[in-house]
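Beneath this line is the structure, given in C-alpha cells, with notes to follow.
None of the values given here were measured: they were computed from a predicted structure. So you know, we letter chains A, B, ... as the sequences are listed, proteins then strands, and number each from 1.
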Amino acid sequence: MEFEHRSNFPQDLEYPPVDFRSNLNDEQFAAVTAGDQPALVLAGAGTGKTRTLTYRVAYLLERGVHPGNILLLTFTNKAAREMLARVEDLTGVPRRAFWGGTFHSIGQRMLRMHGEPLGIEPNYTIMDQSDAESLLADVIKELDPQFLKDKNNPKTKVIANLISLARNTCQSLDDVVMGFYPYFREHINDFARFSQTYSERKKRQQVADFDDLLVFWLEILQTQEEVARYYQERFQHILVDEYQDTNLIQAQIIDLIGARDQIMAVGDDAQSIYSWRGANYENILHFPDKHRNTNIFRIETNYRSTPEILRFANGVIRQFHPGQGFFKTLRPSRGHSQPPLLIRVMNGREEAAAVISRITGLLDEGRSLKDITVLYRAHYQALDMQMELTRQNIPFQITSGVQFFEQAHIKDLVAQVKFAYNPRDSRAFHRFACLLPKIGSVTAERIFQAALAEADKSGEHVARTLISRPALAKVPKAARKHWESLTATLEGIVEAAGDRSPSEVVSLAAVGWYSDFIQTLYPNYRQRMDDLQSLVGFAGRFSDLQELLGQIVLMNSETSQTSVYPEEDKLRLTTVHQAKGLEFPVVFLLAASDGLFPLARAMENDGLDEERRLFYVAVTRAMDELYMTSPHLIQFGMNTKILQPSRFIQALDPTLYEMARFHRKPSW
DNA sequence: CTTGATACCGTTTTT
DNA sequence: CGGTATCAAG
C-alpha cells in the first residue's frame, strides 16, 4: 500500500560528517545516540532541547534512516520550521523530505488522504474558531430559537468550549458537564442535541473544526487497520516535542502510530501550560508505564540564563508539591550577572513608563530593540504599553490583537478561494456574499440554496450556477452589478484551482472583483492591497492549494507576522504562551501582581499550579536580564483594586531578586 | 430583510 | 473603550 510521498528523495545519500561528541554535552549526547527503545527525554528550560532533537534527527540520518521515515511532531508551526531548518543546516537534507509539523497540520493531511471512509471528501475545508462558533450558534438557534435569548443559559462560546473539551479529553459530554460545569446539568440533553447536529452540519458542508483534525485522525488509525499498519511501518522514528502539552487524543495517536515503540518523547512537565485545551501533563508522567523499557534521559544543564535568573526560576519550581513531576533543578553554566528586578509601580500607565524608561537605558548601553521582549499573561495587559510605545515612536511588533490572517480583508479573500475549492462550504460563501449591498445572511442563504440545487441538477460547480436563472432571481437589484463581477472572478478562481499554482489562484482573487470592492469600502485600501499582495507571495511557497488553505487557518500570528513580513529591529510584545520555546536576552514581565499573574479567573478551577508553570515559563525565557513590573492599582470596570506583587514572587526567598520602586512621574 | 443606531456586556491562554 | 446583541425604521 502506497500513499502520497512528499518528494522523491534519493535513497543513498552521503551526509556531511557531524561531530556529535564535541557539539553536545554528556546528557544531550546520551539522548541523541539513544538506541531503539522508547525514550523519554526530560529537558528543562534552556537546556538545548531543540539542539538535542535536531542532532537526534541528524544522528538517525547518519545511521541510514531515510528522512521520509521520520515523523516529527511539534506544538507550533514555528517550532517545526525552526527545527527542520536547523536539521537542514546541519545535514543538508531539505525540510520537505521529512514529515514534520503540528499535530493539527499533519492531521489535516491525514484527513485528506484517508478521510473518505469517515465521510470527509479530499476537498474539505477547515474552519477557524470563530467560524466554528458561528456555525454552532446557527445550529442552536435552529434547534431551539429561545435558548440563547435566556440569559441564564450558557452562551455559544461556553457550549463550544465544553464540546471541544469533551472531545479533546475523550470524555462524554455528560462527564465534562458534571465535572466542569455542574451548574449546567439541566442542559445536558440540549448540549447533546446541539453537538450532534453541529457534527452533521460540518459533514454536510464538508468542513472540519480544529478538533476534527485530531479526532478523525485517531479514528482513521483505529478503524482502518491497513492505514494504521502502513504508518506504523513507515515511521521508523517518531519524535514528539513538547510532549507535556499533548492531550489524550494526541497521546493515543502517538501510541497507535508508534505501536512498535519507536517513539522519542521530549518535554518538561514543569512547562505544561495548555490544560485548558485538554493537555494533560500526566501523559508525560505515565509515558514510562505505557511503554515498557522506556529509557529516561534528563538534560539539566542550562545554557540560556544567568545563574541569578536560574536561581529565581528554581525557586519557582520548588513551590510545587514535592514528588509532583520530574524536575528539581536547572544547573547554570554561565557567568554571574545581576539578579532579577521587581519594579513596583502605581498603575498600568506608570508600568509602561517604567518599562520604556529602562528600555531607553538599555538602548544607551548598546542593546538593540530586537533583543528585548515584553511578556504578559493576557493580551489586554499590554494595552497601556502599546499606547505609550506608539506615542513615543518606538517601533514594536505585537503578536496579538488582529493578526495578519485574521484581518477582514484577508479572510474575505481567502473565503473566495475556499469556496471555489469546496463549493459546499456555505460559510465561506456567506462571508463574501454578505459584503454586497442588500445581501444579508438570509438572502445569501437563499441564493446559495438555489445555486446548490442547480448544481446538483447539472453537475456543474456551484460557482457557475450562481448566475443561473433561479439563483440570479434571488439577487437584489442593488447587488446585480457587483454580482456579475464577483461571479466572473469566482469562475476564474475555480478554473485556475484545477491546474494553476496556489499563488496564481490567490492572485486571480486579489485582482478580481474584490480589489474594486475594497477601494470603495476602505479608506486605507492601499495598505490592504499590499496585504493581499503579500498573501499572494505567501501562497507562492505552496504547491498545493489545500495545503495553503489549511496552513492559513492553522497558522497563528507569530508565524504569519514573521513569515509574511521580514524581521526588523523592533521591540517584541507577546503573551507568555506564545513565547514558549523562545529565548530573549532581555525580558520584561508585565503585570506581575497577584490577581493578574496568577490571573484571578484562571484560578477558579484549580488553575493555580498551571499558572505557576506559566510563570516558570515566563521567567526562563530570559537570558541576561529579567525585569518584572507589579502595578499596585488596577482599574476594574468602575472600581479600583489594590494589588500585591504576585504570590509566586512573594513566596520566594527575598535574596533571589531585588526590588525597586519607579519614581519618575509619567511624562503625560 | 437589510441596515443603522443604540444599549449593554465583558476582558485568558491557541491549534 | 471596545465590540456586539438587539431593536426599529426603511
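- As judged by a 4.0 angstrom heavy-atom cut-off over every strand, A/Q129 is placed among the base-contacting residues.
- Looking at A/D544 and A/R109, no side-chain N of the basic residue comes within less than 4.0 Å of a carboxylate O on the acidic one, giving no salt bridge.
- Following rounding to the nearest Å, A/D384 (CG) and C/dC1 (P) show an atom-to-atom distance of 11 Å.
- Phosphate contact (OP1/OP2 of B/dT14, side-chain N/O of A/H379, threshold under 4.0 Å): present.
- Taking atom C1' on both B/dT13 and C/dT4, the two are 22 Å apart, rounded to the nearest angstrom.
- Base pairing in DNA chain B gives the following stems of 3 or more Watson-Crick or G-U pairs, range against range and under 3.5 Å: B:1-9 with C:2-10.
- Applying the salt bridge (Lys or Arg N to Asp or Glu O under 4.0 Å) test to every pair with at least one member in residues 238-252 of chain A, sequence neighbours left out, gives these pairs: A/K49-A/D241, A/K49-A/E242, A/E242-A/K580, A/D245-A/K580.
- Annotation for A/N247 and A/N168: closest pair ND2-OD1, 3.0 Å, computed over non-hydrogen atoms.
- For residues 246-256 of chain A, the pairs satisfying salt bridge (Lys or Arg N to Asp or Glu O under 4.0 Å) are A/D255-A/K290, with sequence neighbours left out.
- By the ring pair (Phe, Tyr, Trp, His ring centres under 6.0 Å) test, A/Y124 pairs with no residue at all, sequence neighbours left out.
- As a whole-Å value, the separation of A/K157 NZ from B/dC9 C1' is 13 Å.
- In this structure, A/K474 atom NZ and B/dC1 atom C1' are separated by 14 Å, rounded to whole Å.
- Toward the 5′ end of DNA chain B lies the nearest nucleotide of A/K155, the other residue of the pair A/K155 and A/Y274 mapping further downstream.
- For residues 425-442 of chain A, the salt bridge (Lys or Arg N to Asp or Glu O under 4.0 Å) pairs, not counting sequence neighbours, are A/D138-A/R427, A/D412-A/R431.
- One interatomic measurement links the two molecules: CG of A/N161 to P of B/dT14, which rounds to 14 Å at whole-angstrom precision.
- Within the model, atoms CZ of A/F615 and CD of A/Q319 stand 8.0 Å from one another, a figure rounded to the nearest 0.5 Å.
- Taking 4.0 angstrom as the limit, A/R601 places a side-chain polar atom (N or O) nearer than this to OP1 or OP2 of B/dT11.
- Legend: residues meeting salt bridge (charged side-chain N to carboxylate O under 4.0 Å, His left out) with A/E611, ordered by chain and number and at least two apart, are A/R377.
- A/R377 places its CZ atom 12 Å from the C1' atom of B/dT11, with the value rounded to the nearest Å.
- Atom CE of A/M387 is separated from atom C1' of C/dC1 by 10 Å (rounded to the nearest Å).
- Of the side-chain N and O atoms in A/R446, one or more sit less than 4.0 angstrom from OP1 or OP2 of B/dC1.
- The CG-P distance, from A/L596 to B/dT11, rounds to 16 Å in whole Å.
- In this structure, CD of A/Q381 is placed 11 Å from C1' of B/dT13, rounded to the nearest angstrom.
- The salt bridge (charged side-chain N to carboxylate O under 4.0 Å, His left out) search around A/R612 returns A/D609, not counting sequence neighbours.
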With 3.5 Å as the limit, what N/O pairs link the protein to nucleotides 2-8 of chain B?
from: B/dT2; atom 1: OP1; to: A/G440; atom 2: N; distance (Å): 2.7
from: B/dT2; atom 1: OP1; to: A/G440; atom 2: O; distance (Å): 3.3
from: B/dT2; atom 1: OP1; to: A/T443; atom 2: N; distance (Å): 2.9
from: B/dT2; atom 1: OP1; to: A/T443; atom 2: OG1; distance (Å): 2.4
from: B/dT2; atom 1: O5'; to: A/G440; atom 2: N; distance (Å): 3.4
from: B/dT3; atom 1: OP1; to: A/K438; atom 2: N; distance (Å): 2.6

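- An OP1 or OP2 oxygen of B/dT14 is reached within less than 4.0 angstrom by a side-chain nitrogen or oxygen of A/Q578.
- Listed by chain and residue number, nothing satisfies the salt bridge (charged side-chain N to carboxylate O under 4.0 Å, His left out) test with A/E484 (two or more places apart in sequence, or in another chain).
- The side chain of A/T575 places no N or O atom within less than 4.0 Å of a non-bridging phosphate oxygen (OP1 or OP2) of B/dT12.
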